[in-house]
Asker: 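Supplied in structure tokens, the structure appears directly below.
First listed ligand is number 1; within each ligand, the first listed atom is number 1.
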Amino acid sequence: MKREELAPGIFHLQGGSNMGLVVREGRGLLIDAGLDEDAARRALRVAEQEEVQLEAVFLTHAHADHHGGAHFLQRRLGVPLYAPALEAAMMENPVMEPLFLFGGAAPIGELRQKFTMAPPCQIAQVVEGGPLEIGPFRIEAVPLPGHALNQMGVAVDNVLFCADAVFPAETLEKHKIIFCADMDAALETLEQLPAMPYARFAPGHGPAYAAGEEIAVACRANRERLEAIRERVFQALAEPADTAALVRAVADSFGLRLTTATAYFLARTTVLAALSSLERAGQVKVEMVENQLLWRRS
Ligand SMILES: [Zn+2]
């Protein structure tokens, strides 16, 4: 795990899914908990090296790769967990993540593995956006909705831990159809993020960005990708089509091969988010034809 000190006592722990560690008065605030026990143990080792006791863990959003390690930390240390509303409910009832991906039905086995279903944890305090004091930590919970419905970043001094609001170029290149629950909200978040008053932006994946051009370029690339996905969904609707045909058309248009059911259901969620955005804008509508749910331009 690579550790970068972004500001005095503010560490960005970079691994598969990044975490943050803030150190004040010999105590530590962890931001996100990693995918699993192994990831959480790596963060604990950094805390030990810094000679701090963990005071609390702030979980930014209910995706298993960010809160999967929280169960272990809670059992091992008894630390209180903080999380945004809605996301907190999913963390306490983790079947909700694969349940949503699978359209609300009992999820298939593949969706119940650790990348989409974390072990449960208990949230001590549900967080609203705004200033928050946790022991010696004065932080700000910053709403960054879109990638997850109620995702929240954490600002400490001049650093913003911005969760999965913005992905690095490698992720855009690899996944093409990046995960998004609410496309309009995600676009709005990406619009606002570069103007927020922080010196460094520490994402959930990839290295931290500097203020100014660096974060602006990254946000623009993410915005352009989401807009391209939405545009390709619209293009694919020259004729009415069902959701499955649209997932296929958009994946094909990016030269993307979806090789697992998990990858398929993640991509499908983003396509549905695009359709929802287009419907809200009055550009598409849903239509029932002979027991088929079809999307058509309106
Ligand atoms: Zn995520």
Asker: Which residues pass the salt bridge (charged side-chain N to carboxylate O under 4.0 Å, His left out) test with Glu4, not counting sequence neighbours?
Answerer: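 Only Arg200 meet the salt bridge (charged side-chain N to carboxylate O under 4.0 Å, His left out) criterion with Glu4.
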Asker: Between His63 and His147, does the ring centroid distance fall short of 6.0 Å?
Answerer: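 Distance test on ring centres: under 6.0 Å, yes.
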Asker: Heavy atoms, side chains only, cut-off 4.5 Å: are Leu187 and Glu227 in contact?
Answerer: yes
Asker: So, with waters excluded, how many protein N/O/S atoms does the Zn ion (ligand 1) have closer than 2.8 Å?
Answerer: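 N, O or S atoms of the protein closer than 2.8 Å: 4.
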Asker: Mind checking what makes side chain to side chain donor-acceptor pair (under 3.5 Å) contact with Arg3, not counting sequence neighbours?
Answerer: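 Applying side chain to side chain donor-acceptor pair (under 3.5 Å) to Arg3 gives Gln49, Glu50.
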Asker: Would you call Arg41 and Asp36 a salt bridge, taking side-chain N to carboxylate O under 4.0 Å as the test?
Answerer: no
Asker: If you look only at pairs with a residue in residues 260-292, which of them pass as a ring pair (Phe, Tyr, Trp, His ring centres under 6.0 Å), with sequence neighbours excluded?
Answerer: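 Non-adjacent pairs meeting ring pair (Phe, Tyr, Trp, His ring centres under 6.0 Å): Phe102-Phe265.
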